[in-house]
Amino acid sequence: MLTFRIVVLPGDGIGPEVVAEAVRVLQTVSELSSDFELKLESHEFGGCAIDSTGEPLPPSTLKACQEADAILMGSIGGPKWGVNAKVRPEPGLLALRKTLGLYANIRPANLASDSLLEYSPLRPEIAKGVDMIVVRELIGGVYFGTRKEQGVAPDEEVAWDTMIYSVQEVQRITRVAAQIALAADPPLDIHSVDKANVLASSRLWRKVVTETLKNEFPQLKLDHQLVDSAAMFIVSNPKKLNGVILTENLFGDILSDQSSVIPGSLGLLPSASLAGAPSAPSADFKPTSGIYEPIHGSAPDIAGQGIANPIGTILSAAMLLRYSLGLEKPAKAIENAVRKVLDLPEAGGFGLRTADLGGNVGTKELGNRIVDILKTLR
Ligand code: NAD
Ligand code: IPM
Ligand code: K
Ligand code: MN
């Protein structure tokens, strides 16, 4: 029997609420299997860690993450540790990603079920058939370039951030995008998104993406989009961007939240942050650790009410099983259980939904139903 160590970082706001449901889902697949066992342990991270230890990423949490087979995270941050606070949670997340070398952030955006078409703010014919994967560079760009805060002197009137990319950083994320594209049959198209009409770092990006794909993956189809018009296409004609959207850190952050309007809620979308391309679920699977989290934040506006949508976190747990543990079967089972819960002929024929999708079931109830369905899907 294989034993895996999973570090759980619930975080702040709705983080602990949505993570609790994903943890129950993982415990359920662990109990249902005689092939593997998941050992889950929670650690403090983010605002809650600032409150108890003075820092967002305590050394004990970092150490546990470094030793884990995979990390399941909720979300960090909130008004209590807002942009003017001396110590903030967000730098802790950037430090964790950087220390673990997680440069590849994979954010699939598609409809978990066609029954969600009813609730997409886009017209059904626009939303149906959208299947995009945002591959976001995660530990470079303007997030990590040198920056200067505005000083305390009254006449100090500047602050700055630097967007910087090296050839090697662009090459490695391009290779991840290419391997994801090639893992599909037929291979996916790659849409590289930049702002090469203005930014020097984007001109380097475009050149390196073009050369890397031409030299190493000539079979793949590549086009370049400027980020402003790509943002427009995501809500007007998203299928134009079906395939892999390959982009830098900040653009990927923004475009992935935007792409969540297609299935109807930010609460639905999962992510994986990895130190390389995901390994194929096959005999030559190579284990790699990573952080798995919904793409949304701590949602202070609804925290504590028990109404957050746990599906993004539950689908992140499925990605964890697939990419870090090589467990394709339970990953699929979780995805099927999510689809089934959305398709249930209840609540007026629209399936079970949390409030963000126009429904009235709570976080726990939705989690319960997903767990119940999972138990029938062996
Ligand atoms: P947010 O993603 O927390 O929320 C944006 C909107 O989406 C809110 O109206 C919220 O209620 C809704 N929403 C988000 N997740 C939902 C869910 N699961 N179910 C239902 N509705 C959901 O963005 P924000 O309010 O701009 O940021 C709040 C805090 O979260 C900030 O401190 C930010 O830095 C942090 N944040 C953390 C992460 C992370 O931990 N990786 C990601 C994004 C934002
Ligand atoms: C995300 C978040 C983070 C980011 C913040 C909280 C640092 O928005 O995970 O998408 O910008 O990467
Ligand atoms: K998150
Ligand atoms: Mn974000």
Side-chain angles (χ1 to χ4, degrees), residues 8-22 44-50 56-57 71-85 87-97 102 105-107 109 112 116 119 121 134 136-139 141-143 247-261 263-273 290-317 319-320 338 352-367:
V8 181
L9 307 174
D12 308 314
I14 62 166
E17 301 171 38
V18 290
V19 160
E21 301 316 306
E44 282 193 330
F45 179 50
C48 59
I50 294 176
L57 177 57
I71 300 155
L72 176 72
M73 197 190 124
S75 292
I76 50 105
K80 186 172 175 197
W81 320 273
V83 291
N84 294 318
V87 187
R88 296 181 299 110
E90 289 81 359
L93 179 55
L94 300 187
L96 182 60
R97 290 170 175 168
L102 307 178
N105 184 216
I106 300 161
R107 298 183 160 192
L116 286 174
Y119 202 74
V134 177
R136 168 191 177 197
E137 199 292 323
L138 198 60
I139 56 174
V142 73
Y143 277 61
T247 192
E248 67 87 45
N249 203 342
L250 180 61
F251 299 159
D253 180 45
I254 298 167
L255 295 183
S256 56
D257 266 37
Q258 195 187 351
S259 62
S260 75
V261 301
S265 171
L266 188 53
L268 288 166
L269 297 198
S271 80
S273 303
I291 299 180
Y292 298 83
E293 55 167 326
I295 77 164
H296 64 72
S298 58
D301 54 344
I302 58 164
Q305 298 178 33
I307 60 168
N309 190 341
I311 288 179
T313 316
I314 290 171
L315 293 176
S316 300
M319 291 181 91
L320 179 156
V338 165
L352 283 196
R353 306 284 158 84
T354 41
D356 53 316
L357 290 171
N360 58 7
V361 306
T363 312
K364 280 223 138 42
E365 192 183 343
L366 194 70

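The residues of the chain are indexed from 1 along the displayed sequence. Atoms within each ligand, like the ligands themselves, are counted from 1 in listed order.
- With Asn360 contributing its side chain and Thr354 its backbone, the two residues share no donor-acceptor pair below 3.5 Å.
- With a 4.0 Å heavy-atom cut-off, ligand 1 is reached by no atom of Pro89.
- For the pair Asp12 (side chain) and Gly47 (backbone), a donor-acceptor distance under 3.5 Å is present.
- At least one side-chain heavy atom of Leu116 sits under 4.5 Å from a side-chain heavy atom of Arg353.
- Some N or O of Gly78 is nearer than 3.5 Å to an N or O of ligand 1, by distance alone.
- Using a 4.5 Å cut-off on side-chain heavy atoms (C-beta onward), Leu9 and Leu96 make contact.
- Close approach of ligand 1 to Glu90 (heavy-atom distance below 4.0 Å) involves ligand atoms 31 (C), 32 (O), 33 (C), 34 (O).
- Shown in contact with Gly77 at under 4.0 Å from a heavy atom are these atoms of ligand 1, numbered in order with element: 32 (O).
- Sorted by first and then second residue, the side chain to side chain donor-acceptor pair (under 3.5 Å) pairs involving residues 294-305 (not counting sequence neighbours) form an empty list.
- Partners of Glu17 by salt bridge (Lys or Arg N to Asp or Glu O under 4.0 Å), not counting sequence neighbours: none found.
- Near Gly267, the atoms of ligand 1 lying under 4.0 angstrom from a non-hydrogen atom of the residue are 17 (C), 18 (N).
- Nearest to atom 7 (O) of ligand 1 among the protein's heavy atoms is Leu266 CD2, 3.7 Å.
- Taking every heavy atom of Ala299 and a limit of under 4.0 angstrom, the matching atoms of ligand 1 come to 3 (O), 10 (C), 11 (O), 14 (C).
- Nearest heavy-atom pair, Trp81 versus Pro89, reported as atom, atom and distance to 0.1 Å: CB-CD, 3.4 Å.
- For Thr313, no heavy-atom contact with ligand 1 is shorter than 4.0 Å.
- Here the shortest heavy-atom distance to atom 21 (N) of ligand 1, taken over Asn309, Ile311, Ile302, belongs to Ile302.
- The nearest pair of heavy atoms linking Ser259 to Pro263 is O-CD, 3.5 Å.
- Shown here, atom 24 (P) of ligand 1 is out of close reach of the protein: none of its heavy atoms lies under 4.0 Å off.
- Summarising the geometry, atom CG belonging to Leu102 is positioned 5.0 Å from atom CD1 belonging to Ile291; distances are rounded to the nearest 0.5 Å.
- The shell of residues lying under 4.0 angstrom from ligand 1, judged by heavy atoms, includes Ser298.
- Set against the non-hydrogen atoms of Ala308, the atoms of ligand 1 under 4.0 Å away are 19 (N).
- Considering backbone and side-chain atoms alike, Glu293 places an N or O below 3.5 Å from some N or O of ligand 1.
- Of all heavy-atom pairs spanning Leu269 and Ser256, the tightest one is CD1-O, 4.1 Å.
- The shortest N/O to N/O separation between Ile76 and ligand 1 falls below 3.5 Å.
- Among Ser75, Pro270, Pro10, Pro294, the single residue meeting the side-chain contact (heavy atoms from CB on, under 4.5 Å) criterion with Thr313 is Pro294.
- Considering only heavy atoms from C-beta on, Leu57 comes within 4.5 Å of Phe45 through its side chain.
- Between Ile295 and Val134 the shortest side-chain heavy-atom distance does not fall below 4.5 Å.
- Distances from atom 9 (O) of ligand 1 to the heavy atoms of Asp12, Leu269, Asp301, Leu9 put Asp301 nearest.
- With a 4.0 Å heavy-atom cut-off, ligand 1 is reached by no atom of Asp257.
- Of the inter-residue distances, the one linking Glu293 atom CD with Arg107 atom CZ reads 6.5 Å to the nearest 0.5 angstrom.
- Within the listing of ligand 1, atoms 1 (P), 2 (O), 3 (O), 30 (O), 36 (N), 37 (C), 38 (C), 42 (C), 43 (C), 44 (C) sit less than 4.0 angstrom from a heavy atom of Gly297.
- For Ile50 against Pro56, the heavy-atom pair with the smallest separation is CG1-N, 3.6 Å.
- Nearby protein atoms of type N, O or S around the K ion (ligand 3) amount to 5 (distance under 3.4 Å).
- Tally of protein N, O or S atoms closer to the Mn ion (ligand 4) than 2.8 Å: 1.
- Distances between N or O atoms of Ile14 and those of ligand 1 include no value under 3.5 Å.
- The CG atom of Leu250 sits 8.0 Å away from the CZ atom of Arg136 when rounded to the nearest 0.5 Å.
- Using a distance-only test at 3.5 Å, with no hydrogens or angles considered, no donor-acceptor pair links the side chain of Asn105 to the main chain of Glu137.
- For the pair Asp356 and Tyr119, the tightest heavy-atom approach, listed with the atom from each and the gap, is O-CE2, 3.3 Å.
- Under the 4.0 Å distance rule, the nearest protein heavy atom to atom 27 (O) of ligand 1 falls outside the cut-off.
- Of all heavy-atom pairs between Leu357 and Leu268, the closest is CD1-CD2, 4.0 Å.
- Residue contacts with ligand 1: His296 is placed with a nitrogen or oxygen under 3.5 Å of a nitrogen or oxygen of the ligand (distance criterion only).
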